[in-house]
Amino acid sequence: MTPLPEQSILITGAAHGIGAEVARRLAAHGARVSLVGLGGEELRRVAADCPGAVVFDADVTDHDALDAAVAGTVEAFGGIDTVFANAGIGAPGFIRTMDPASFERIIEVNLIGVWRTIRACLPHVIERRGYVLPVASMAALLPPVGLAAYGAAKSGVEALGHALRVETQGYGVAVGVAYFSWIDTEMVRGGDRTELGATMRAGLRGPLARHYPVSAAAEAVVRGIERRQRIVACPRGLLTTLMALRPLLPRLTELTLKREIAEFDRLAEREAAERGSDPVGAGGAAELAARR
(Lines give C-alpha, C1' and ligand atoms only; values in the text may rest on other atoms or scores of the structure.)
Protein backbone atom coordinates (compact mmCIF):
# COMPACT_ATOMS: atom_id res chain seq x y z
CA MET A 1 0.00 0.00 0.00
CA THR A 2 1.07 3.59 -0.70
CA PRO A 3 0.02 5.96 2.12
CA LEU A 4 -2.17 8.73 0.76
CA PRO A 5 -0.68 11.52 2.94
CA GLU A 6 2.60 11.06 1.09
CA GLN A 7 1.10 11.44 -2.39
CA SER A 8 0.74 14.25 -4.91
CA ILE A 9 -2.25 13.41 -7.13
CA LEU A 10 -3.38 15.09 -10.34
CA ILE A 11 -7.08 14.68 -11.17
CA THR A 12 -8.71 15.67 -14.45
CA GLY A 13 -12.44 16.27 -14.68
CA ALA A 14 -12.24 17.47 -11.09
CA ALA A 15 -15.09 20.00 -11.20
CA HIS A 16 -17.95 17.52 -11.18
CA GLY A 17 -19.09 14.00 -10.36
CA ILE A 18 -16.59 11.28 -9.58
CA GLY A 19 -13.56 13.54 -10.02
CA ALA A 20 -14.83 16.09 -7.51
CA GLU A 21 -15.74 13.47 -4.91
CA VAL A 22 -12.43 11.64 -5.33
CA ALA A 23 -10.60 14.94 -4.80
CA ARG A 24 -12.48 15.63 -1.58
CA ARG A 25 -11.87 12.15 -0.20
CA LEU A 26 -8.18 12.12 -1.10
CA ALA A 27 -7.68 15.52 0.50
CA ALA A 28 -9.48 14.31 3.62
CA HIS A 29 -6.91 11.48 3.79
CA GLY A 30 -4.07 14.01 3.61
CA ALA A 31 -3.15 13.76 -0.07
CA ARG A 32 -2.11 16.87 -1.98
CA VAL A 33 -4.47 17.22 -4.93
CA SER A 34 -4.15 19.10 -8.18
CA LEU A 35 -7.58 19.82 -9.66
CA VAL A 36 -7.65 20.11 -13.44
CA GLY A 37 -10.83 20.78 -15.34
CA LEU A 38 -13.45 23.07 -16.78
CA GLY A 39 -16.26 24.73 -14.93
CA GLY A 40 -14.55 27.70 -13.31
CA GLU A 41 -16.47 28.36 -10.12
CA GLU A 42 -17.44 24.71 -9.68
CA LEU A 43 -13.77 23.73 -9.76
CA ARG A 44 -12.98 26.33 -7.12
CA ARG A 45 -15.82 25.15 -4.90
CA VAL A 46 -14.29 21.68 -4.96
CA ALA A 47 -10.89 23.20 -4.14
CA ALA A 48 -12.39 24.95 -1.11
CA ASP A 49 -13.13 21.49 0.31
CA CYS A 50 -9.57 20.28 -0.33
CA PRO A 51 -6.94 21.88 1.94
CA GLY A 52 -3.78 22.74 0.06
CA ALA A 53 -5.25 21.99 -3.37
CA VAL A 54 -4.04 23.72 -6.51
CA VAL A 55 -6.41 24.49 -9.38
CA PHE A 56 -5.85 24.64 -13.13
CA ASP A 57 -8.47 25.53 -15.73
CA ALA A 58 -7.58 23.25 -18.60
CA ASP A 59 -9.26 21.34 -21.39
CA VAL A 60 -7.59 17.94 -21.75
CA THR A 61 -7.60 18.40 -25.52
CA ASP A 62 -5.50 21.58 -25.20
CA HIS A 63 -1.81 20.61 -25.17
CA ASP A 64 -0.55 23.94 -23.85
CA ALA A 65 -3.11 24.24 -21.05
CA LEU A 66 -2.56 20.65 -19.97
CA ASP A 67 1.23 21.00 -20.01
CA ALA A 68 0.88 24.16 -17.91
CA ALA A 69 -1.30 22.31 -15.38
CA VAL A 70 1.25 19.52 -15.09
CA ALA A 71 4.14 21.97 -14.74
CA GLY A 72 2.20 23.96 -12.15
CA THR A 73 1.47 20.82 -10.15
CA VAL A 74 5.13 19.82 -10.14
CA GLU A 75 6.12 23.33 -9.09
CA ALA A 76 3.58 23.32 -6.25
CA PHE A 77 4.11 19.78 -4.97
CA GLY A 78 7.59 18.83 -6.17
CA GLY A 79 6.33 16.02 -8.39
CA ILE A 80 3.41 13.78 -9.27
CA ASP A 81 2.87 10.39 -7.65
CA THR A 82 -0.51 9.52 -9.18
CA VAL A 83 -2.54 10.69 -12.16
CA PHE A 84 -6.28 10.00 -12.22
CA ALA A 85 -7.25 10.57 -15.86
CA ASN A 86 -10.96 10.99 -15.34
CA ALA A 87 -12.20 13.80 -17.64
CA GLY A 88 -14.95 12.69 -19.97
CA ILE A 89 -18.16 13.66 -21.75
CA GLY A 90 -21.00 11.64 -23.25
CA ALA A 91 -24.18 11.85 -25.30
CA PRO A 92 -26.73 9.25 -26.42
CA GLY A 93 -26.95 8.66 -30.14
CA PHE A 94 -26.75 6.08 -32.91
CA ILE A 95 -23.78 5.91 -35.27
CA ARG A 96 -25.96 6.42 -38.34
CA THR A 97 -27.55 9.67 -37.20
CA MET A 98 -25.39 11.21 -34.48
CA ASP A 99 -23.80 14.54 -35.41
CA PRO A 100 -20.28 13.70 -36.67
CA ALA A 101 -18.66 16.62 -34.85
CA SER A 102 -20.17 15.50 -31.53
CA PHE A 103 -19.12 11.89 -32.12
CA GLU A 104 -15.55 12.95 -32.85
CA ARG A 105 -15.44 15.36 -29.91
CA ILE A 106 -16.40 12.58 -27.49
CA ILE A 107 -13.56 10.47 -28.86
CA GLU A 108 -11.17 13.40 -28.60
CA VAL A 109 -11.99 14.22 -24.98
CA ASN A 110 -12.48 10.69 -23.63
CA LEU A 111 -9.61 8.92 -25.40
CA ILE A 112 -7.14 11.43 -26.83
CA GLY A 113 -7.58 13.61 -23.74
CA VAL A 114 -6.75 10.66 -21.48
CA TRP A 115 -3.68 9.88 -23.58
CA ARG A 116 -2.54 13.49 -23.47
CA THR A 117 -3.00 13.61 -19.70
CA ILE A 118 -1.01 10.44 -19.15
CA ARG A 119 1.71 11.43 -21.60
CA ALA A 120 2.18 14.83 -19.95
CA CYS A 121 2.35 13.36 -16.45
CA LEU A 122 4.33 10.22 -17.23
CA PRO A 123 7.91 11.53 -16.80
CA HIS A 124 7.01 12.76 -13.32
CA VAL A 125 5.12 9.58 -12.39
CA ILE A 126 8.11 7.51 -13.55
CA GLU A 127 10.41 9.63 -11.38
CA ARG A 128 8.25 8.82 -8.34
CA ARG A 129 7.62 5.15 -9.39
CA GLY A 130 3.98 6.10 -9.11
CA TYR A 131 0.54 5.05 -10.31
CA VAL A 132 -1.61 5.81 -13.35
CA LEU A 133 -5.39 5.31 -13.28
CA PRO A 134 -7.34 6.09 -16.47
CA VAL A 135 -11.13 5.77 -16.47
CA ALA A 136 -12.75 3.26 -18.80
CA SER A 137 -16.37 2.16 -18.25
CA MET A 138 -18.87 -0.68 -18.30
CA ALA A 139 -19.32 0.59 -21.88
CA ALA A 140 -15.93 -0.98 -22.66
CA LEU A 141 -17.33 -4.38 -21.66
CA LEU A 142 -20.87 -4.39 -23.05
CA PRO A 143 -21.69 -3.45 -26.66
CA PRO A 144 -22.47 0.26 -26.12
CA VAL A 145 -25.65 0.47 -28.19
CA GLY A 146 -26.80 4.09 -28.27
CA LEU A 147 -23.48 5.18 -26.75
CA ALA A 148 -21.08 4.12 -29.49
CA ALA A 149 -18.80 7.16 -29.34
CA TYR A 150 -18.51 6.91 -25.56
CA GLY A 151 -17.99 3.14 -25.64
CA ALA A 152 -15.42 3.29 -28.42
CA ALA A 153 -13.42 5.86 -26.48
CA LYS A 154 -13.62 3.87 -23.25
CA SER A 155 -12.57 0.66 -25.01
CA GLY A 156 -9.58 2.62 -26.27
CA VAL A 157 -8.81 3.82 -22.75
CA GLU A 158 -8.90 0.23 -21.50
CA ALA A 159 -6.45 -0.85 -24.22
CA LEU A 160 -4.25 2.16 -23.47
CA GLY A 161 -4.08 1.20 -19.81
CA HIS A 162 -3.22 -2.43 -20.52
CA ALA A 163 -0.48 -1.42 -22.96
CA LEU A 164 0.95 1.17 -20.57
CA ARG A 165 1.11 -1.39 -17.75
CA VAL A 166 3.42 -3.59 -19.80
CA GLU A 167 5.47 -0.74 -21.20
CA THR A 168 6.23 0.83 -17.83
CA GLN A 169 6.82 -2.25 -15.71
CA GLY A 170 10.58 -1.70 -15.92
CA TYR A 171 10.14 1.74 -14.36
CA GLY A 172 8.33 0.59 -11.25
CA VAL A 173 5.10 2.28 -12.31
CA ALA A 174 1.76 0.64 -11.49
CA VAL A 175 -1.18 1.06 -13.89
CA GLY A 176 -4.83 0.43 -13.19
CA VAL A 177 -7.99 0.78 -15.25
CA ALA A 178 -11.21 2.06 -13.66
CA TYR A 179 -14.61 0.73 -14.70
CA PHE A 180 -17.93 2.20 -13.57
CA SER A 181 -21.53 1.17 -14.15
CA TRP A 182 -24.34 3.76 -14.04
CA ILE A 183 -23.02 6.17 -11.41
CA ASP A 184 -25.43 8.87 -10.21
CA THR A 185 -23.56 11.76 -11.81
CA GLU A 186 -24.90 14.72 -13.75
CA MET A 187 -23.70 13.10 -16.98
CA VAL A 188 -25.74 9.94 -16.35
CA ARG A 189 -28.76 11.95 -15.20
CA GLY A 190 -28.41 14.13 -18.30
CA GLY A 191 -28.48 11.05 -20.50
CA ASP A 192 -31.57 9.82 -18.69
CA ARG A 193 -33.28 13.13 -19.45
CA THR A 194 -33.04 12.45 -23.18
CA GLU A 195 -35.79 10.33 -24.67
CA LEU A 196 -33.36 7.87 -26.24
CA GLY A 197 -31.34 7.43 -23.05
CA ALA A 198 -34.42 7.02 -20.85
CA THR A 199 -36.12 4.60 -23.24
CA MET A 200 -33.12 2.34 -23.66
CA ARG A 201 -32.27 2.29 -19.95
CA ALA A 202 -35.88 1.41 -19.12
CA GLY A 203 -35.30 -1.96 -20.75
CA LEU A 204 -32.44 -2.90 -18.44
CA ARG A 205 -33.01 -5.29 -15.55
CA GLY A 206 -31.34 -6.26 -12.29
CA PRO A 207 -27.92 -4.81 -11.44
CA LEU A 208 -27.58 -3.40 -14.97
CA ALA A 209 -30.54 -1.11 -14.28
CA ARG A 210 -29.29 0.34 -11.00
CA HIS A 211 -27.78 3.73 -10.33
CA TYR A 212 -24.86 3.58 -7.91
CA PRO A 213 -23.90 6.54 -5.69
CA VAL A 214 -20.95 8.76 -6.52
CA SER A 215 -19.63 8.03 -3.03
CA ALA A 216 -19.26 4.31 -3.87
CA ALA A 217 -17.33 5.04 -7.06
CA ALA A 218 -15.10 7.57 -5.30
CA GLU A 219 -14.35 5.18 -2.46
CA ALA A 220 -13.36 2.50 -4.99
CA VAL A 221 -10.97 4.97 -6.63
CA VAL A 222 -9.41 6.07 -3.34
CA ARG A 223 -8.90 2.43 -2.35
CA GLY A 224 -7.47 1.69 -5.79
CA ILE A 225 -4.97 4.54 -5.55
CA GLU A 226 -3.89 3.51 -2.07
CA ARG A 227 -3.44 -0.15 -3.12
CA ARG A 228 -2.22 0.55 -6.70
CA GLN A 229 -4.86 -1.83 -8.03
CA ARG A 230 -4.92 -3.18 -11.59
CA ILE A 231 -8.73 -3.08 -11.68
CA VAL A 232 -10.85 -0.45 -9.94
CA ALA A 233 -14.55 -1.20 -10.36
CA CYS A 234 -17.91 -0.03 -9.04
CA PRO A 235 -19.83 -2.19 -8.49
CA ARG A 236 -17.01 -4.71 -8.49
CA GLY A 237 -19.09 -7.90 -8.55
CA LEU A 238 -21.17 -6.90 -11.56
CA LEU A 239 -18.25 -5.62 -13.60
CA THR A 240 -15.89 -8.52 -12.94
CA THR A 241 -18.72 -10.87 -13.95
CA LEU A 242 -19.14 -8.96 -17.22
CA MET A 243 -15.39 -9.21 -17.80
CA ALA A 244 -15.60 -12.99 -17.49
CA LEU A 245 -18.58 -13.12 -19.86
CA ARG A 246 -17.18 -10.64 -22.39
CA PRO A 247 -16.88 -13.09 -25.34
CA LEU A 248 -20.63 -13.81 -25.11
CA LEU A 249 -21.91 -10.27 -24.66
CA PRO A 250 -22.05 -9.03 -28.27
CA ARG A 251 -24.27 -11.90 -29.41
CA LEU A 252 -26.42 -11.76 -26.25
CA THR A 253 -26.95 -8.03 -26.76
CA GLU A 254 -27.88 -8.57 -30.39
CA LEU A 255 -30.47 -11.18 -29.48
CA THR A 256 -31.86 -9.19 -26.55
CA LEU A 257 -32.43 -6.04 -28.61
CA LYS A 258 -33.58 -7.73 -31.81
CA ARG A 259 -37.24 -6.74 -31.43
CA GLU A 260 -36.72 -3.19 -30.17
CA ILE A 261 -33.74 -1.98 -32.19
CA ALA A 262 -35.72 -0.60 -35.14
CA GLU A 263 -37.79 1.57 -32.79
CA PHE A 264 -34.65 2.72 -30.95
CA ASP A 265 -33.10 3.62 -34.30
CA ARG A 266 -36.11 5.74 -35.28
CA LEU A 267 -36.03 7.43 -31.88
CA ALA A 268 -32.31 8.17 -32.22
CA GLU A 269 -32.84 9.69 -35.66
CA ARG A 270 -35.68 11.92 -34.48
CA GLU A 271 -33.82 13.04 -31.36
CA ALA A 272 -30.67 13.85 -33.32
CA ALA A 273 -32.72 16.06 -35.60
CA GLU A 274 -34.66 17.76 -32.82
CA ARG A 275 -32.21 17.97 -29.89
CA GLY A 276 -28.89 17.53 -31.59
CA SER A 277 -26.03 15.49 -30.18
CA ASP A 278 -24.47 17.83 -27.65
CA PRO A 279 -22.85 16.20 -24.60
CA VAL A 280 -25.09 15.97 -21.56
CA GLY A 281 -24.73 16.94 -17.90
CA ALA A 282 -22.71 19.70 -16.21
CA GLY A 283 -19.42 18.49 -17.63
CA GLY A 284 -20.89 18.51 -21.12
CA ALA A 285 -22.20 22.03 -20.62
CA ALA A 286 -18.78 23.21 -19.38
CA GLU A 287 -17.10 21.60 -22.38
CA LEU A 288 -19.52 23.30 -24.78
CA ALA A 289 -19.01 26.66 -23.05
CA ALA A 290 -15.22 26.30 -23.31
CA ARG A 291 -15.45 25.65 -27.05
CA ARG A 292 -17.60 28.76 -27.57
Side-chain angles (χ1 to χ4, degrees), residues 7-20 22-23 26 32-47 50 52-91 100-128 130-135 149-150 152-154 156-157 160-161 163-164 167-168 171 173 175 187 278-279 281-292:
Q7 292 201 47
S8 161
I9 302 172
L10 185 143
I11 303 165
T12 62
H16 310 282
I18 295 170
V22 166
L26 288 171
R32 297 170 296 169
V33 293
S34 172
L35 310 181
V36 180
L38 303 173
E41 291 306 311
E42 287 294 328
L43 193 62
R44 281 150 185 80
R45 276 193 280 272
V46 177
C50 303
V54 292
V55 175
F56 301 95
D57 294 289
D59 183 331
V60 294
T61 67
D62 182 332
H63 278 290
D64 292 341
L66 194 54
D67 286 346
V70 171
T73 302
V74 172
E75 182 179 1
F77 296 151
I80 298 173
D81 295 286
T82 293
V83 52
F84 179 43
N86 165 74
I89 57 175
S102 293
F103 192 103
E104 292 172 10
R105 184 62 179 173
I106 290 170
I107 299 290
E108 185 178 14
V109 172
N110 293 12
L111 176 56
I112 305 302
V114 167
W115 171 77
R116 286 175 176 163
T117 300
I118 292 172
R119 184 65 183 83
C121 292
L122 199 53
H124 308 289
V125 175
I126 287 173
E127 184 178 355
R128 294 285 183 91
Y131 180 59
V132 178
L133 183 61
V135 175
Y150 186 83
K154 294 302 186 179
V157 169
L160 185 71
L164 184 68
E167 292 176 4
T168 58
Y171 294 99
V173 171
V175 178
M187 184 173 72
D278 288 341
E287 199 275 336
L288 282 172
R291 277 193 282 157
R292 290 170 182 150

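Residues take their numbers from the sequence shown, with the count starting at 1.
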> So T61 and R105, side chain to side chain contact (heavy atoms under 4.5 Å, CB included) or not? Walk me through it.
Replying inline: CA-CA 9 Å; T61 67; R105 184 62 179 173; 3.4 Å; yes
>> N110 vs V157, test: side chain to side chain contact (heavy atoms under 4.5 Å, CB included). Steps then yes/no.
In response: CA-CA 8 Å; N110 293 12; V157 169; 5.7 Å; no
>> Checking D59 against R116 for the salt bridge (charged side-chain N to carboxylate O under 4.0 Å, His left out) test, could you report, in this order, the C-alpha distance in whole Å, the side-chain angles of both residues, the deciding distance, and whether it holds?
In response: CA-CA 11 Å; D59 183 331; R116 286 175 176 163; over 6 Å; no
> Can you list the steps and then say if F84 with V33 is a side chain to side chain contact (heavy atoms under 4.5 Å, CB included)?
Replying inline: CA-CA 10 Å; F84 179 43; V33 293; over 6 Å; no
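Between G13 and A87 the shortest heavy-atom distance is N-CB, 3.7 Å. In terms of heavy atoms, M187 sits closest to I89 at SD-C, 3.7 Å. Contact between P279 and A91 at its shortest, heavy atoms only, is CA-CB, 3.9 Å. Of all heavy-atom pairs spanning A23 and L35, the tightest one is CB-CD2, 3.5 Å.
Under a 4.0 Å N-O distance rule, the pair E42/R45 qualifies as a salt bridge. Comment: R44 engages D57 in a salt bridge, judged by a side-chain N to carboxylate O separation of less than 4.0 angstrom.
When the options L38, V36, V55 are evaluated for a side-chain contact (heavy atoms from CB on, under 4.5 Å) with L43, the one that passes is V55. The only option from V114, V60, T12 that meets the side-chain contact (heavy atoms from CB on, under 4.5 Å) definition with V109 turns out to be V60. Here the rule is side-chain contact (heavy atoms from CB on, under 4.5 Å) with I11, and of V22, T117, V83, V46 only V22 fits it.
Taking the side chain as every heavy atom from C-beta outward, H124 and F77 never approach each other to under 4.5 Å. Counting heavy atoms from C-beta on, the side chains of L164 and L122 come closer than 4.5 Å. P134 is not listed as a side-chain neighbour of L160, based on a closest heavy-atom distance of 4.5 Å or more.
Considering CD1 of I106 and CD1 of I112, their distance stands at 14.0 Å, rounded to 0.5 Å. Between the NZ atom of K154 and the CG atom of L111 there is a distance of 9.5 Å, given to the nearest 0.5 Å. Distance check, rounded to the nearest 0.5 Å: CD1 of I9 to OG1 of T73 gives 11.5 Å.
Residues meeting the side chain to side chain contact (heavy atoms under 4.5 Å, CB included) test with A71, sequence neighbours left out: none.
Legend: salt bridge (charged side-chain N to carboxylate O under 4.0 Å, His left out) pairs involving residues 63-88, not counting sequence neighbours, sorted by first then second residue: D81-R128.
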